[in-house]
Number of protein chains: 4
Amino acid sequence: MPRVTEQHRAARKEQILDATMRCVAREGFHKTSMAQIIEESGLSAGAVYVYFRSKRDIIAAIAERAISTIQPMVDSPPQLADPPSPSEIIEMITTAVVEHAQSLEVDVTRVAVAIWGEALRDESIREIAVEVFGRIRTVLAASIQAQKDRGTLAPSTDVNNAAKTLFSLMPGFILQRLILNDVAPASYAAGARALGIP
Amino acid sequence: MPRVTEQHRAARKEQILDATMRCVAREGFHKTSMAQIIEESGLSAGAVYVYFRSKRDIIAAIAERAISTIQPMVDSPPQLADPPSPSEIIEMITTAVVEHAQSLEVDVTRVAVAIWGEALRDESIREIAVEVFGRIRTVLAASIQAQKDRGTLAPSTDVNNAAKTLFSLMPGFILQRLILNDVAPASYAAGARALGIP
Amino acid sequence: MPRVTEQHRAARKEQILDATMRCVAREGFHKTSMAQIIEESGLSAGAVYVYFRSKRDIIAAIAERAISTIQPMVDSPPQLADPPSPSEIIEMITTAVVEHAQSLEVDVTRVAVAIWGEALRDESIREIAVEVFGRIRTVLAASIQAQKDRGTLAPSTDVNNAAKTLFSLMPGFILQRLILNDVAPASYAAGARALGIP
Amino acid sequence: MPRVTEQHRAARKEQILDATMRCVAREGFHKTSMAQIIEESGLSAGAVYVYFRSKRDIIAAIAERAISTIQPMVDSPPQLADPPSPSEIIEMITTAVVEHAQSLEVDVTRVAVAIWGEALRDESIREIAVEVFGRIRTVLAASIQAQKDRGTLAPSTDVNNAAKTLFSLMPGFILQRLILNDVAPASYAAGARALGIP
DNA sequence: GATGAATGAGAATTCATTCAT
DNA sequence: GATGAATGAATTCTCATTCAT
């Protein structure tokens with residue numbers, strides 16, 4: 001099959017990564033064997049290794065996917081004239097997370113937890129996590145700054161500190177949803193407001 | 001069998017679990033091999049299998065340890081007449097977490113992340129996580145209730161929802177500390193207060 | 001098909017064999033993969049398999065090349081009136097070997113060692129080696145016969161036995177040059193003469 | 001099986017190396033798979049890897065064996081008052097080689113050829129070959145020196161050069177025996193004497 | 001109870017070769 | 001003829017677990 005397009009290559013890579021996501025969401029990175037990925041992808045062992053040099057590379061690619069998966073979730077809908085408040089952002093993101101998780105065959109949040117674990121033992125995965133965390137925090141910091149400008153938050157507010165604290169609501173939601181399964185975007189955001197978060 | 005033997009058994013189990021904690025903090029559960037645990041514990045393969053029937057059992061025991069490790073952290077110091085406020089609790093727990101992590105040779109928070117991942121694929125580990133999460137949430141709910149009683153939080157506050165949101169600050173702190181390494185208990189609690197959390 | 005195509009075929013085969021020689025000189029036959037040969041030759045996998053049916057065929061072709069490579073080395077320069085003496089032949093051949101090895105990008109003697117190994121497990125490679133060894137021995141036998149005729153060697157000399165012994169000086173030189181790297185044609189021939197070889 | 005002696009370990013290693021020798025004599029190093037070694041040794045995969053960390057280690061151990069295998073062959077029988085002459089040494093060594101090859105189930109000379117090939121691509125194997133070659137050359141040099149002292153060889157003889165040339169008779173004999181199968185110790189040594197070697 | 005050698009299924013990866021385009 | 005993606009058996013090595021001593 002000569003003259004195979006870049007498109008074809010990209011599609012195959014997606015095929016492998018899609019299969020891997022399904023496996024990892026179920027079993028985590030290290031309980032997912034290459035044999036499972038191969039089986040799930042419908043390709044042969046050799047084919048998988050044409051597109052990825054090692055299992056580590058596949059894991060890294062999965063982690064990188066998180067960046068592009070998260071991005072549309074954290075980007076505020078452009079039609080909003082006013083920047084959303086922190087609790088609104090929380091509700092927006094958690095809603096997007098839940099919807100995404102339910103619409104696809106894989107729950108990305110399960111993969112996210114696997115990535116957190118991998119970030120602790122693989123520096124290059126950690127770097128990817130650093131970037132994702134940073135992007136989310138930036139969005140949250142902008143919202144906090146807007147509240148401060150508007151007077152809803154005290155002028156003395158340290159935006160970065162507040163963003164770090166606010167950021168926690170994202171992984172905390174994911175974790176409680178997956179393990180306790182008793183959180184929902186609306187009530188979670190309501191809880192944030194009840195605590196005083198604008 | 002006399003008590004001495006029971007003590008011996010317990011000591012041996014601790015020895016194995018201590019060794020495992022060190023390994024898991026470094027590499028996670030699945031990159032930790034039984035050979036590593038055996039080597040690190042200084043015991044023989046056979047001996048380890050006398051005290052634990054399988055690697056899964058060791059992982060479960062490690063997860064159960066989290067309960068007793070967390071308990072003293074979340075229990076408010078008894079000398080305090082007033083129950084601490086939510087942000088005070090956050091600062092207390094995060095401080096305890098950081099101090100614990102620095103004083104011991106293993107950073108328990110790294111093991112915690114490994115447990116979160118394992119809870120997604122092993123129901124019995126999930127049950128343990130459910131219990132740990134529940135205990136922490138209970139402490140937080142009590143504090144929120146106290147604030148509500150005192151009038152610091154609105155009477156309409158849904159204590160459970162607020163506790164769920166507040167709970168997130170714990171795993172969120174752990175994750176940011178391990179991956180971004182730019183959070184500290186005092187400023188983190190300050191961030192919480194800046195956001196309006198009492 | 002016109003002649004041009006035949007030339008083309010031959011050129012392509014050379015291209016593949018040249019590439020293989022480079023690989024084999026480095027790593028031997030079995031550590032040289034088809035992928036390396038394909039890469040080194042600049043052709044596609046399919047193209048290589050058009051010219052050679054299998055890796056074994058390529059190895060066999062490499063071995064056959066040895067025949068034509070060795071031939072000009074063992075053939076005495078025709079201008080010499082007198083046939084050279086055994087030690088002179090040794091010096092001529094070893095000199096040719098060293099010069100050849102240095103002038104080309106591949107050291108054929110390294111390939112020769114690989115062929116010796118392969119001859120032990122593949123009958124058809126052995127047959128090729130038999131032919132090469134035989135040709136060299138024939139040249140040496142002729143020289144010994146000439147010495148005998150001239151009276152430099154005893155009339156009782158068994159020409160064939162002497163040729164077998166003399167033959168050893170060739171692989172022995174190659175091996176010591178490659179592994180110990182402390183032999184040179186002139187001193188090697190001098191050593192032969194010191195031992196009494198005319 | 002606790003309290004396993006060093007003897008036991010050594011015996012197991014021998015068992016694995018014996019099996020490997022049989023395989024390598026047949027197929028060379030790289031056509032011998034770990035599966036074959038495992039099968040031939042009668043052990044399990046895991047057991048083999050308890051004694052050798054990798055296939056490379058096994059190959060290295062096989063090469064090291066050559067040293068101790070060669071040593072008794074090159075050591076002159078101590079009862080000889082006079083040191084043997086070069087051609088006598090050649091006959092002794094080649095006789096020992098042939099007898100050894102016929103008495104054991106493996107022909108060590110076939111393994112030797114495999115080692116020569118491996119020495120060209122693995123530095124540590126080369127080092128072992130250097131040592132073996134050096135030992136043989138030392139024995140030959142001593143014999144040449146004795147001949148020189150006795151006046152059988154010219155006083156101008158460069159002992160080292162002559163030893164290098166003489167050394168070649170060993171690998172040359174091995175190679176001709178394995179590939180052409182038309183050499184025998186007695187006639188080979190006779191050939192050496194016919195060429196003038198004392 | 002303790003030991004640690006042994007097991008063998010399973011892991012990741014490679015490789016000679018094929019064949020649809 | 002030429003391409004190079006695809007194949008899948010084979011390769012090296014690991015690992016949780018067992019059991020004779």
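Below, read A as the first sequence line, B as the second, and so on, with proteins coming before strands; counting in each chain starts at 1. Keep in mind it's a predicted model, so treat the numbers as computed, not measured.
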Partner residues of D:Ala112 under the side-chain contact (heavy atoms from CB on, under 4.5 Å) criterion, sequence neighbours left out
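Scan of D:Ala112 (side-chain contact (heavy atoms from CB on, under 4.5 Å), adjacent residues dropped) gives D:Trp116.
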What residues form a side-chain contact (heavy atoms from CB on, under 4.5 Å) with D:Thr109, not counting sequence neighbours?
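D:Thr109 satisfies side-chain contact (heavy atoms from CB on, under 4.5 Å) with D:Val97, D:Asp107, D:Ile174, D:Arg177, D:Leu178 once adjacent residues are dropped.
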Flag, side chain of [X] to backbone of [Y], donor-acceptor distance under 3.5 Å:
X        : Y        : answer
B:Arg126 : B:Ala119 : no
B:Gln36  : B:Ser33  : yes
A:Gln15  : A:Ser41  : yes

Separation of [N] [atom2] from [X] [atom1] (nearest whole Å):
X       : N      : atom1 : atom2 : answer
C:Arg12 : F:dT3  : CZ    : C1'   : 12 Å
C:Ile37 : E:dC15 : CD1   : C1'   : 12 Å
A:His8  : F:dG4  : NE2   : C1'   : 10 Å
B:Asp57 : F:dA16 : CG    : C1'   : 13 Å
A:Ile16 : F:dA5  : CD1   : P     : 12 Å

Pairs under 3.5 Å (Watson-Crick or G-U), crossing ones as [ ], inter-strand ones as |: DNA chain E comes out as .||||||||||||||||||||
Show every salt bridge (Lys or Arg N to Asp or Glu O under 4.0 Å) that has at least one partner inside residues 30-42 of chain A, sequence neighbours left out.
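Passing the test, one end in residues 30-42 of chain A: A:Arg22-A:Glu40, A:Arg26-A:Glu40.
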Kindly state each residue pair satisfying salt bridge (Lys or Arg N to Asp or Glu O under 4.0 Å) with at least one member in residues 43-64 of chain C, sequence neighbours excluded.
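Applying salt bridge (Lys or Arg N to Asp or Glu O under 4.0 Å) to every pair that reaches into residues 43-64 of chain C, excluding sequence neighbours, yields C:Arg56-C:Asp122.
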So B:Tyr51, base contact, sugar-phosphate only, or nothing? Heavy-atom distance under 4.0 Å.
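Sugar-phosphate: the residue B:Tyr51, judged by heavy atoms under 4.0 Å, touches backbone atoms but no base.
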Heavy-atom protein contacts under 4.0 Å, nucleotides 7-14 of chain F, coded B base, S sugar-phosphate only, - none:
BBB--SBB
Does this structure show an ion pair linking D:Arg110 with D:Glu27, if we count only N-O contacts that are shorter than 4.0 Å?
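The answer is no: the pair does not qualify as a salt bridge.
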Taking only side-chain N and O atoms of A:Arg9, does any of them lie within less than 4.0 angstrom of OP1 or OP2 on F:dG4?
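It does not, given that no N or O in the side chain of A:Arg9 lies less than 4.0 Å from OP1 or OP2 of F:dG4.
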